[in-house]
Protein chains: 2
Amino acid sequence: MSNKPSSKTSATPSKPTDFEEALEKYREHLKRKRLLFTRERIAILEEVMARHDHFSVEELHDSLKAAGKKVSRATLYRNLDSLKEAGILAEVDLGNRHVQYEHVLGHGHHFHLVCEDDGAVVEDSSAEIEKLLEALARKHNLDLTHFKLQIFGTRRRK
Amino acid sequence: MSNKPSSKTSATPSKPTDFEEALEKYREHLKRKRLLFTRERIAILEEVMARHDHFSVEELHDSLKAAGKKVSRATLYRNLDSLKEAGILAEVDLGNRHVQYEHVLGHGHHFHLVCEDDGAVVEDSSAEIEKLLEALARKHNLDLTHFKLQIFGTRRRK
DNA sequence: GTTGCTGCAAACCCTTTGCATAGGA
DNA sequence: TCCTATGCAAAGGGTTTGCAGCAAC
């Protein structure tokens, strides 16, 4: 698919980067939904995958501008949903009263711990919890697709 | 505090209703914060405790109006925070793109399962999960204050 | 060539704020 | 009485939308 020189030999399609994986995933999603594969959508995807933090729409728009890619705010907003539906982008609630995002690929299910003293955010994951959540979903006759979990706490005094 | 006839004898302060408990809690919170105990704040508290579902600010405003209590939207917004701080009201994210609330008293920690097929919401709780979350918080040097957990899934085909 | 996408700017909606007045303590 | 809270209406900020031109397929 990609002809970018990713390693010395091109014999085996050596492990694709997260971006390449996302690109392929997005391309398929767009095709399935009969949406066009436009340069703007690719630019947005690139920036989403380039950022490894939590970002607002405004910050993403700034990133794009900084990278020399002109994508209007309207187009940005219009395409966030398809990125979410494609399983590439996820909303994050950090309790700070504005929507933030993070990319999903290369991360897998995880959740956020937020320190209420200073707003610091850490990520973590737990197979044990996931297993419990799946059981809970099943109990209510659901197949778990995803979950959102935020743990809020104050700094522990020893 | 309240002289409303809650039972035959007034010998022992028999189990207070959720509303009475919330009222007391709120009164103390307001005093601690040096905020006034106004009729509007009481009216809002009443409605919050009267609703046993998830509601938006707009819906709460409608409830108040329907109950014959005139509270302006501005006042409503201005007082949501103190209700949250008092531990009476909590925000709920049901993945439907607008803030909703629920009252906390008489419910305790719980979480929401959301069906992606039709948006149906169920509540549940799990001591096991809470224990894990506390351990996780501790691991990151936090004292857990609260958590938000939403489980999304599609209806299970047997 | 057709159809859907983008950019622009205006519209929208929810929430916050300034100011004069009302009402707790 | 003093000072905060309220109501109103206007402002604010983030998100959506209508329309004309442009770019995928």
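Letters A, B, ... are given to chains in the order of the sequence lines, protein chains preceding strands, and every chain is numbered from 1.
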- prompt: So which of residues 42-56 of chain A are in contact with DNA chain C, with a heavy-atom cut-off of under 4.0 Å?
  reply: none
- prompt: Reckon A:N79 has a side-chain N or O less than 4.0 Å from the OP1 or OP2 of C:dC5?
  reply: no
- request: State which residues pass ring pair (Phe, Tyr, Trp, His ring centres under 6.0 Å) with B:F152; sequence neighbours excluded, sorted by chain then number.
  value: A:H146
query: How would nucleotides 15-25 of chain D be written as a contact map, 5' to 3', with B for base contact, S for sugar-phosphate-only contact and - for no contact, using protein heavy atoms under 4.0 Å?
result: SBBB----SSS
field: Qualifying residues under side-chain hydrogen bond (donor to acceptor under 3.5 Å, both in side chains), relative to B:S72, sequence neighbours excluded
entry: B:T75
query: A:N96 has an atom CG; how far is it from atom P of C:dT15, in whole Å?
result: 16 Å
task: Taking only the side-chain nitrogens and oxygens of B:S72, find out if one of them lies under 4.0 Å from OP1 or OP2 of D:dT6.
output: no
For atom CG of A:L30 and atom C1' of C:dG4, their distance in whole Å: 13 Å
message: Using the salt bridge (charged side-chain N to carboxylate O under 4.0 Å, His left out) criterion, which residues pair with A:R78? Sequence neighbours excluded.
response: none
query: Taking atom P of D:dG7 as reference, at what distance in whole Å does atom NZ of B:K65 sit?
result: 12 Å
field: Whole-Å distance separating the CD atom of B:Q100 from the C1' atom of C:dC14
entry: 14 Å
Only pairs under 3.5 Å count here: list side-chain donor-acceptor contacts from residues 104-111 of chain A, not counting sequence neighbours, and write none if there are none.
{"residue": "A:H107", "atom": "NE2", "partner": "A:H103", "partner atom": "NE2", "Å": "3.3"}
{"residue": "A:H109", "atom": "ND1", "partner": "A:E130", "partner atom": "OE1", "Å": "3.0"}
{"residue": "A:H110", "atom": "ND1", "partner": "A:G108", "partner atom": "O", "Å": "2.9"}
{"residue": "A:H110", "atom": "NE2", "partner": "A:E102", "partner atom": "OE1", "Å": "3.4"}
{"residue": "A:H110", "atom": "NE2", "partner": "A:E102", "partner atom": "OE2", "Å": "2.9"}

- request: Could you pull out all residues at least two apart from A:E46 that satisfy side-chain hydrogen bond (donor to acceptor under 3.5 Å, both in side chains)?
  value: A:K69
- request: Take atom NZ of B:K69 and atom P of D:dT6, then tell me their distance rounded to the nearest Å.
  value: 15 Å
task: Send over the distance from A:H98 NE2 to D:dG13 P, rounded to a whole Å.
output: 14 Å
query: Counting just side-chain N and O atoms, does A:R41 come under 4.0 Å of either OP1 or OP2 of C:dC5?
result: yes
message: Distance to the ring centre below 6.0 angstrom and angle to the axis at most 45 degrees; does that hold for B:R27 and B:F37?
response: yes
- prompt: To the nearest angstrom, how far is A:L76 atom CG from C:dC8 atom P?
  reply: 13 Å
field: Residues forming a side-chain hydrogen bond (donor to acceptor under 3.5 Å, both in side chains) with A:R51, sequence neighbours excluded
entry: A:D53, A:S63
Those residues that, when tested against A:R97, pass salt bridge (charged side-chain N to carboxylate O under 4.0 Å, His left out) (two or more places apart): B:D81
task: In whole angstrom, give the distance that lies between atom NZ of B:K33 and atom P of D:dT4.
output: 16 Å
- line: Double-helix bend of the helix from C:dG1-D:dC25 to C:dA25-D:dT1, axes at both ends from 5 pairs, round to 10°, gives 40°
- line: Residue set satisfying side-chain hydrogen bond (donor to acceptor under 3.5 Å, both in side chains) with A:D143, at least two apart, ordered chain then number -> B:R156
message: Salt bridge check, A:E40 against A:K70: does any charged N sit closer than 4.0 Å to a carboxylate O?
response: no
query: With sequence neighbours left out, what residues match A:H54 under ring pair (Phe, Tyr, Trp, His ring centres under 6.0 Å)?
result: A:H112
